[in-house]
Amino acid sequence: MSLLGPTAQGGPEFIQLLTPEGQRVEHPDYAFDAGGRDEAEVVRGFYRDMVLTRRIDTESTALQRHGELGIWTQLLGQEAAQIGCGRALLPQDFVFPTYREHGVAYCRGLDPLRILSLFRGVDQGAWDPNEHNFGNYTIVIGAQTLHATGYAMGVQRDGLVGTGDPDRDTSVVAFFGDGASSQGDVNEAFIFAASYNAPVVFFCQNNQWAISEPIERQSRIPLYQRARGFGFPGVRVDGNDVLAVHAVTQAALQYTRDGNGPMLVEAYTYRMGAHTTTDDPTRYRMSEELEYWKLKDPISRVKVYLTRNGLADHAFFDSVELEADELGVRLREGCKSMPEQHPLAIFDQVYVDQTPELAEQRDTFAAYLASFEGAH
Amino acid sequence: MTKMTLAKALNAGLRKAMEDDPKVLLMGEDVGKLGGVFRITDGLQKDFGEDRVIDSPLAESGIIGTAVGMAMRGYRPVCEIQFDGFVYPAYDQIVSQVAKLHFRTHGAVKMPMVIRIPYGGGIGAVEHHSESPEAQFAHTPGLKVVTCSNPIDGYWMIQQAIASDDPIVFLEPKRQYHADKADIDETAVPVPLFSSRIARPGADLTLLAYGPTVKTCLKVAEAAAGEGRSVEVVDLRTLSPLDLEPVYDSVRRTGRAIVVHEAHTNLGMGSEIAARITERCFYSLQAPVLRVGGFDTPYPPSRLEEEYLPDLDRVLDAVDRSLEF
């Protein structure tokens, strides 16, 4: 049972740089790299990122409860996994998300309202992936891992792997979860990426639960060990430790950019909320488990670390809270005032080159709609 | 002017498309060194290299799924599915991703992908090698579905499909690959991709065919002519969208129509075509629109396929029924 922690499935301890108690520790293979900036400033930035991400999540959950969203996929508890990874990306890297990567989307600069419009039913997540090098939310489990692999094969053909130029070498990150690890597409993506040595970081957030099914239903071995069978390295990182996730992802991205082929990162974390707002975890998991993981909260350990070491004061924490409140207001107002699409819009979104038969169907429907104009 | 089989014409068309646009990539099982099990990609890897003619692992979902990513990166992947019955592992990627990405993103993402599938029966093959899945794809908004029936169309249509910014399921009648040769004029101006074509004019009845059944229907028209009956044959060429204006014109002249395909008759292309003809040509019809197709059983063992597939006699029988109605 996952309650026993990461060694329960026979794997070694994960990579950790900041303990749940807020203690900085070192790891022989992975060191936190602040990228030449003041380390405390970077950690404060991570704290802010995680608080704002959690606010996006809690505000959206509340909006769903108020009937403003049809559904919401909660990321509560996975903030460190997403911010640690998202902040390790370079601008040229490309992300293929699932439907829960709100924190990564935030790091890439995507307006959270673009995500809310999907869950409100205004659109289906219609952002241009090239605007922020952030792909569209993919709801079919695991399908995007193949897209990431093919995109990475395109990057190879563009000659942007292993040139040694840090501004050009490009990696592609495929997000997926523990449940998706059972999907054929994910396994095929592993095989294709390995076969062609494609620059893909397979980033698995193992949050222990695939709706009601525990990780034990998906795998007999720790997920990161799967990589070995496909012929590439896999590592497990404390997914609730933003510093460790950042360090490990940064290393994995560079490994793939250098032309060494794919790498698997298993971020060992926990879905503290429900699968979505329509799910009821009390039917299938013990409340003790949640209490256990609350002690490993990704945000509070950073706050303890910053406070105990005098790296942030009350004014800083208050300013982040204030910023989160402002974000909440913006999301609430933005969500409720979101413009709806015209019903005729869907006909023109199917093809690049519209077909005569669909144009005819559109015109027929337009005439039908027009027949009600002026009627009471 | 070069005389070519359909297989050679497709090969020449692929070569031309690759010469014209360096973003065109071929991908599939055995398409490289071997040149494909039907040799459609013969010699292309030798000339364009392993980066452009990619031998894939044996995973159809992987082929289409990675092609989605390549298309997003600006490439124009042409995927070969080795046989019709092997497309189903890729069905989810085709229906849920390839067909929907443009719609999902309001046009921000284009999927200029061609999915080539050898289809149809008549080659004495084992199970899963003789199927006609066209209606499954024509039923999916976001895809376009075309099929060639002869070398000239093969040469031009494959190039036009690759040039399309929409994803296209490109069905190749495998029975015709090495059957007939035709003169191909590489300097000619091809007819538009999404258009049907009158393959043989006639006055008494209209046969609607595509892919492998075009040849069957031309033989039917020849036989019927011997009995003094003038049968028009339309090669539909495009199944989604359908180009039925020439069909309506034809049926308004003849008053009779029969759709002929190898696919199962129930909810096949013939069902949709019959419905549309009825909607548009109701007062011109002298008889109900008939369908001659594969039976609603799984494709049978090859020793029975002659009986299963619509052949000269079964179509002639339908011609009689229509004319005598």
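In what follows, every chain begins at residue 1, and chains take the letters A, B, ... in the order their sequences are listed.
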Hey, mind stepping through B:Met27 and A:Met153 against side-chain contact (heavy atoms from CB on, under 4.5 Å) and telling me if it holds? CA-CA 12 Å; B:Met27 188 170 186; A:Met153 290 167 68; 4.1 Å; yes
Output, in order, the C-alpha distance, side-chain angles, deciding distance and verdict of side-chain hydrogen bond (donor to acceptor under 3.5 Å, both in side chains) for B:Tyr75 and A:Asp158. CA-CA 10 Å; B:Tyr75 288 86; A:Asp158 293 341; 2.4 Å; yes
Evaluate the criterion side-chain hydrogen bond (donor to acceptor under 3.5 Å, both in side chains) for residue pair A:His147 and B:Gln93; output intermediate values, then yes/no. CA-CA 10 Å; A:His147 306 166; B:Gln93 284 286 347; 2.8 Å; yes
Go through the steps to decide whether B:Thr105 and A:Asp128 satisfy the test side-chain contact (heavy atoms from CB on, under 4.5 Å), and finish with yes or no. CA-CA 7 Å; B:Thr105 61; A:Asp128 181 348; over 6 Å; no
Applying side-chain contact (heavy atoms from CB on, under 4.5 Å), run through B:Arg73 and A:Phe94 and close with a yes or a no. CA-CA 10 Å; B:Arg73 185 71 194 182; A:Phe94 201 98; 5.6 Å; no
With side-chain contact (heavy atoms from CB on, under 4.5 Å) as the criterion, how do A:Val352 and B:Met111 come out once you've worked through the C-alpha distance, each side chain's angles and the decisive distance to 0.1 Å? CA-CA 9 Å; A:Val352 178; B:Met111 277 292 120; over 6 Å; no
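Counting heavy-atom pairs under 4.5 Å between each of A:Asp123, A:Ile139, A:Ile346, A:Thr138 and chain B puts A:Ile346 at the top. With chain B as the partner, the residue from A:Tyr137, A:Tyr151, A:Phe96 showing the most heavy-atom pairs under 4.5 Å is A:Tyr151. Per-residue counts of heavy-atom pairs under 4.5 Å with chain A were compared for B:Ala99, B:Ala108, B:Gly62; the largest is that of B:Gly62.
Contact of A:Ala143 with chain B is made through backbone and side chain together, with heavy-atom distances under 4.5 Å. Using a 4.5 Å cut-off between heavy atoms, A:Leu118 does not touch chain B at all. For a residue to count as touching a neighbouring chain, one of its non-hydrogen atoms must lie under 4.5 Å from one of that chain's; by this rule A:Val172 does not touch chain B. Proximity to chain A is absent for every atom of B:Leu244, based on heavy atoms less than 4.5 angstrom apart. There is no contact between A:Thr145 and chain B, counting heavy-atom distances below 4.5 Å. When heavy atoms are compared at a cutoff of 4.5 Å, B:Ile63 approaches chain A by way of both its backbone and its side chain. Contact annotation for A:Glu188: only side-chain heavy atoms (C-beta onward) come within less than 4.5 Å of a heavy atom of chain B. Residue B:Lys100: no heavy atom, backbone or side chain, is found under 4.5 Å from chain A.
Counting heavy atoms of neighbouring residues, nucleotides and ligands inside a 6.0 Å radius, atom CD of A:Gln341 exceeds 12 of them. The 12-atom threshold is not exceeded at CD of B:Glu50, counting heavy atoms of other residues, nucleotides or ligands nearer than 6.0 Å.
Considering all non-hydrogen atoms of both residues, A:Val350 and B:Gly142 come closest at CG1-N, 3.5 Å. The two residues A:Arg157 and B:Asp51 have their closest heavy-atom pair at NE-O, 2.7 Å. Across all non-hydrogen atoms, the minimal contact from A:Gly150 to B:Met70 is O-CG, 3.4 Å. Between A:Phe192 and B:Ser56, the shortest heavy-atom distance links the atoms CE2-CB, 4.2 Å.
For the atom pair CD1 (B:Ile54) and OH (A:Tyr196), the distance works out to 6.0 Å, reported to the nearest 0.5 Å. Note that CD of A:Gln349 is 4.0 Å distant from NE2 of B:His106, once rounded to the nearest 0.5 Å. Rounding to the nearest 0.5 angstrom, the gap separating the CG atom in B:Asp92 from the CG atom in A:Leu146 is 10.0 Å.
Judged by distance alone, the side chain of B:Asp166 and the main-chain N or O of A:Asp353 form a donor-acceptor pair under 3.5 Å. A distance-only check finds no donor-acceptor pair linking the side chain of A:Tyr351 to the backbone of B:His102 [under 3.5 Å].
Looking at A:Leu358 and B:Pro241, their side chains never come closer than 4.5 Å, going by heavy atoms from C-beta outward.
Using a 4.0 Å cut-off between charged side-chain N and carboxylate O, B:Arg280 and A:Glu357 make no salt bridge.
Side chain to side chain, B:Ser61 and A:Asp185 meet the donor-acceptor criterion of an N or O pair below 3.5 Å.
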